[in-house]
Amino acid sequence: GSAVSIFNQEFLNTSSNVLTWTQNSGTLPVTNLPASVHVYQNGQKLIESQYSITAPATITIDVNTHYDGSNYIVFAINII
């Protein structure tokens with residue numbers, strides 16, 4: 001099996017749909033994104049069509065999904 005590192009970051013009471021990841025030196029995984037990055041809004045896991053990732057560290061929540069005051073938590077799983 002492979003060893004993994006799991007990072008998470010909270011974005012509380014957000015007013016923007018653009019989240020900037022600062023964990024793990026500001027680098028999100030770049031391969032197998034559906035399995036490597038998990039985005040939750042107010043406790044509910046978002047599906048892939050509800051957000052996009054721009055390397056190395058930007059997560060953009062779809063404008064039809066985001067609303068001001070949302071709390072997000074992002075988990076990133078890196079295989080090491």
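As the structure is a prediction and not an experimental result, all values here were calculated from the model. Residue numbers count from 1 along this sequence.
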Revision key, fill the gap. In this structure, NE2 of His38 is separated from CD1 of Ile6 (nearest 0.5 Å) by 9.0 Å

Exercise for review: Supply the atom-to-atom distance Leu28 CG to Trp21 CH2, rounded to the nearest 0.5 angstrom.
Suggested key: 6.0 Å

Check your understanding: Rounded to the nearest 0.5 Å, how far apart are CG of Leu19 and CD1 of Ile73?
Key -> 12.0 Å

Review point. With side chains defined as the heavy atoms from C-beta onward, is the minimum distance between Val37 and Phe75 less than 4.5 Å?
Key: no

Check your understanding: Are a donor atom and an acceptor atom from the side chains of Thr65 and Gln41 found within less than 3.5 Å of each other?
Key -> no

Exercise for review: Take Gln9 and Thr22 through the side chain to side chain contact (heavy atoms under 4.5 Å, CB included) test and state the conclusion after the steps.
Suggested key: CA-CA 8 Å; Gln9 185 169 347; Thr22 60; 3.1 Å; yes

Check your understanding: If only atom types and distance count, is the side chain of Ser25 paired as donor or acceptor with the main-chain N or O of Thr27 below 3.5 Å?
Key -> no

Check your understanding: Below 4.5 Å, heavy atoms only, C-beta onward: do Ile59 and Val39 meet side chain to side chain?
Key -> yes

Point to revise | Under 3.5 Å: donor-acceptor pair, side chain of Thr14, backbone of Ser70 | key: yes

Study note, to complete from the structure: Heavy-atom nearest pair, Ala76 first then Pro29, reads CB-CD, 3.8 Å

**Study point:** Gln44 side, atom CD; Tyr72 side, atom OH - distance, nearest 0.5 Å
**Key:** 11.0 Å

Review point. Would you find a donor on one side and an acceptor on the other, under 3.5 Å apart, between the side chain of Asn17 and the backbone of Ile61?
Key: yes

Point to revise | Shared hydrophobic cluster, Tyr51 / Tyr40 (ILVMFWY, side-chain heavy atoms < 4.5 Å) | key: no

Exercise for review: Could you tell me whether the side chains of Asp68 and His66 share a donor-acceptor contact shorter than 3.5 Å?
Suggested key: yes

Review point. Does Asn42 use its side chain to pair, donor to acceptor, with the backbone of Asn71 at less than 3.5 Å?
Key: yes

Check your understanding: Can any side-chain N or O of Asp62 pair as donor or acceptor with the backbone N or O of Asn64 at less than 3.5 Å?
Key -> yes

